[in-house]
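Encoded as C-alpha cells, the structure appears first; notes follow it.
The residues of the chain are indexed from 1 along the displayed sequence. Ligands are counted one by one from 1 in listed order, and the atoms in each one are counted from 1 as well.
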Amino acid sequence: MARSSRSWDESDVRIRPNKKGSRPRTKDRPAHADAITGRVVTVDRGRYTTVVAENTADERVVIAARARELRRTAVVAGDMVSLVGDVSGKADTLARLVRIEERATVLRRSADDTDPVERVVVANAEQLVIVVAAADPEPRTGFIDRALVAAYDAGIDPLLCVTKTDLKEPAGLLANYDHLDLKIITSGTVAETPAAGGPERPADAGAESADAGAEPAAPQLDAAAVERLRTELAGKVSVLLGQSGVGKSRMVNALTGADRATGGVNAVTGRGRHTSSSALALQLERAPAGSWIIDTPGIRSFGLAHVDPDRILQAFPDLEPGTAECNRGCRHTGDAVDCGLDSWVAAGKAGQAGEARLTSLRRLLGTGFTTTAKELGEY
Ligand SMILES: Nc1nc2c(ncn2[C@@H]2O[C@H](COP(=O)(O)OP(=O)(O)OP(=O)(O)O)[C@@H](O)[C@H]2O)c(=O)[nH]1
Ligand SMILES: [Mg+2]
Ligand SMILES: [Zn+2]
C-alpha cells in the first residue's frame, strides 16, 4: 500500500472542457456501466487508496483520483466507490473514482460546538470504538459522553475501550457508566516473564539466559484483551476514535498485524504526539471476511454542532426516562425550573454516578449550546 503514485498528477485525469463551451449533459457522460466497486482505505493528497475484489483471488489495491464532477464531494475512509479506467492496480496506474455509493452511516464531528463546518470522519462504520487511556493521557468523561452522542446520532453502535490499565485501575472511570448498557473492554500491557507461559526454552539454552536477573522483555499488550476486542470487531466495520496517545494504533497493529507507527505522550503537556496523521482502514486478522478496523488520527475535541439537542438527551438512556415528569418545554438545563431530572437523580434512579452524568448532560446541553474549542479542551 505504500506505493508511490507521484508520476501522476491531477491534470492527467481532468476532463477536457467541452468545446462548445456548455456543460456536458448527463446523457453524454459515460454511464460507467463497467465500473467496479472499491472500498476506500485511506486518502492522501487527492489520491484514494481502495481495495477491490475483496476476499477473492483478485483482491488488490487500486489507487484512484476523483473524477472532476466529484471534486466538491468529500470521499473518506470507509466509503464504497465506483472505479473506472485502469483498475489493474499495477504500479503507477491510476483509476478514476466516479461515484460514491450510498453510505450506510456517516460519523461526523465539528471542531467545536459552534463550528458550522462538520467533518465526516468515516463512512459506513457499524461500530464506534471510543478509546481512552486509564492514564497518560488522563481520561475525560466529557469526551466519552460526546462520542456516545455522536455514535447515537449516526446510528452506530458504541463500544468503550479503556487502554493502559497497567498504569492505573480504571474502576473509578468505569463507575460513571455502570447504569448504561455500554460494552466495555479494558486492555493493558503485561510484562512477559519466562514463567508466565512464554515460549519454552530448549534445555541447553545456557544458564545465563535463563537467569531470573536477565533483561525483562518489553511489555506486550495483554493477548486476552486483544482477543476480546477481536471478538467484538468480528464481521463488522469499526472505527477507533480517541485522543492522541491513547494507544489506538498499537491496538490496531495487534489486531491486524500492521506496523503503524506508535508514539509516546509528552511528559510536560500529557498529550500525545499525533503520530497517526490520516485515517486508515485495515482488515482484521483471524476474523471473517468483512471485518475492518479504521484507525484514525488522535482528536482533541468532539464538537457536536451538528447534533440536535433532543438527540443529545436520547444518548443518555440512564437519565432520559426522568424527563417524564418535566414541565412542557423543559430544556433540562441547569437553570430549568422543576426539571424532572433533578428528582430522578436524587432518588438514585440513575445510580451512584447519576449526579456526574447529569452534570455531563447539562454541559452538553449548555445554555445556548456555545461551547468553544478552548472549553472543549477541558474534556
Ligand atoms: N503502558 C501502556 N502503554 C501503551 C498501551 N497501549 C499503548 N501504549 C503506548 O502509548 C503510546 C501511544 O500509542 P499509539 O498507539 O501511538 O497511540 P494513538 O492513539 O495511535 O495516538 P495518535 O496516533 O497520536 O492518535 C505508545 O508509546 C504505546 O506503546 C498500554 O496498554 N499500556
Ligand atoms: Mg495512532
Ligand atoms: Zn427537564
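- In Asp166, the part holding a heavy atom less than 4.0 Å from any atom of ligand 1 is the side chain.
- Atom numbering of ligand 1 starts at 1 in the shown order; those under 4.0 Å from a heavy atom of Gly188 are 31 (O).
- With a 6.0 Å radius and a threshold of 12 heavy atoms from other residues, nucleotides or ligands, Gln352 has its CD atom at or below the threshold.
- Taking a cut-off of 2.8 Å, the protein N, O or S atoms nearer than that to the Zn ion (ligand 3) are Cys326 SG, Cys330 SG, His332 ND1, Cys339 SG.
- Polar contact check, Thr163 against ligand 1: no nitrogen or oxygen pair lies under 3.5 Å apart.
- Heavy atoms of Asp295 found under 4.0 angstrom from ligand 1: none, in either backbone or side chain.
- Checked by distance only, ligand 1 and Gly247 come closer than 3.5 Å through their nitrogen or oxygen atoms.
- The contact set between ligand 1 and Gly298, taken as ligand atoms under 4.0 Å from a residue heavy atom, comprises 25 (O).
- Residue Gly263 has at least one nitrogen or oxygen atom sitting less than 3.5 Å from a nitrogen or oxygen atom of ligand 1, judged on distance alone.
- Heavy-atom neighbours of Asp181 CG from other residues, nucleotides or ligands within 6.0 Å: at or below the threshold of 12.
- When only interatomic distances are considered, the shortest N/O to N/O separation between Lys164 and ligand 1 falls below 3.5 Å.
- Shown are Val131, Asn253, Val129; of these, the side chain to side chain contact (heavy atoms under 4.5 Å, CB included) with Lys248 is made only by Val131.
- Ligand 1 places these atoms under 4.0 Å from at least one heavy atom of Val246: 17 (O), 19 (O).
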task = Report the C-alpha separation of Arg286 and Arg230 in whole Å, then their side-chain angles, then the decisive distance to 0.1 Å, and conclude whether the side-chain contact (heavy atoms from CB on, under 4.5 Å) test is met.
result = CA-CA 8 Å; Arg286 285 179 282 125; Arg230 191 192 308 278; 3.1 Å; yes
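- Within ligand 1, the atoms closer than 4.0 Å to a non-hydrogen atom of Thr262 are 14 (P), 15 (O), 16 (O), numbered from 1 in the order shown.
- Residue Gly245 places a heavy atom less than 4.0 Å from ligand 1.
- Taking any N or O of Arg273, backbone or side chain, none lies under 3.5 Å from an N or O belonging to ligand 1.
- Counting the atoms of ligand 1 from 1 in the order shown, those under 4.0 Å from a heavy atom of His274 are 24 (O).
- At least one N/O/S atom of Ser276, from backbone or side chain, sits under 2.8 Å from the Mg ion (ligand 2).
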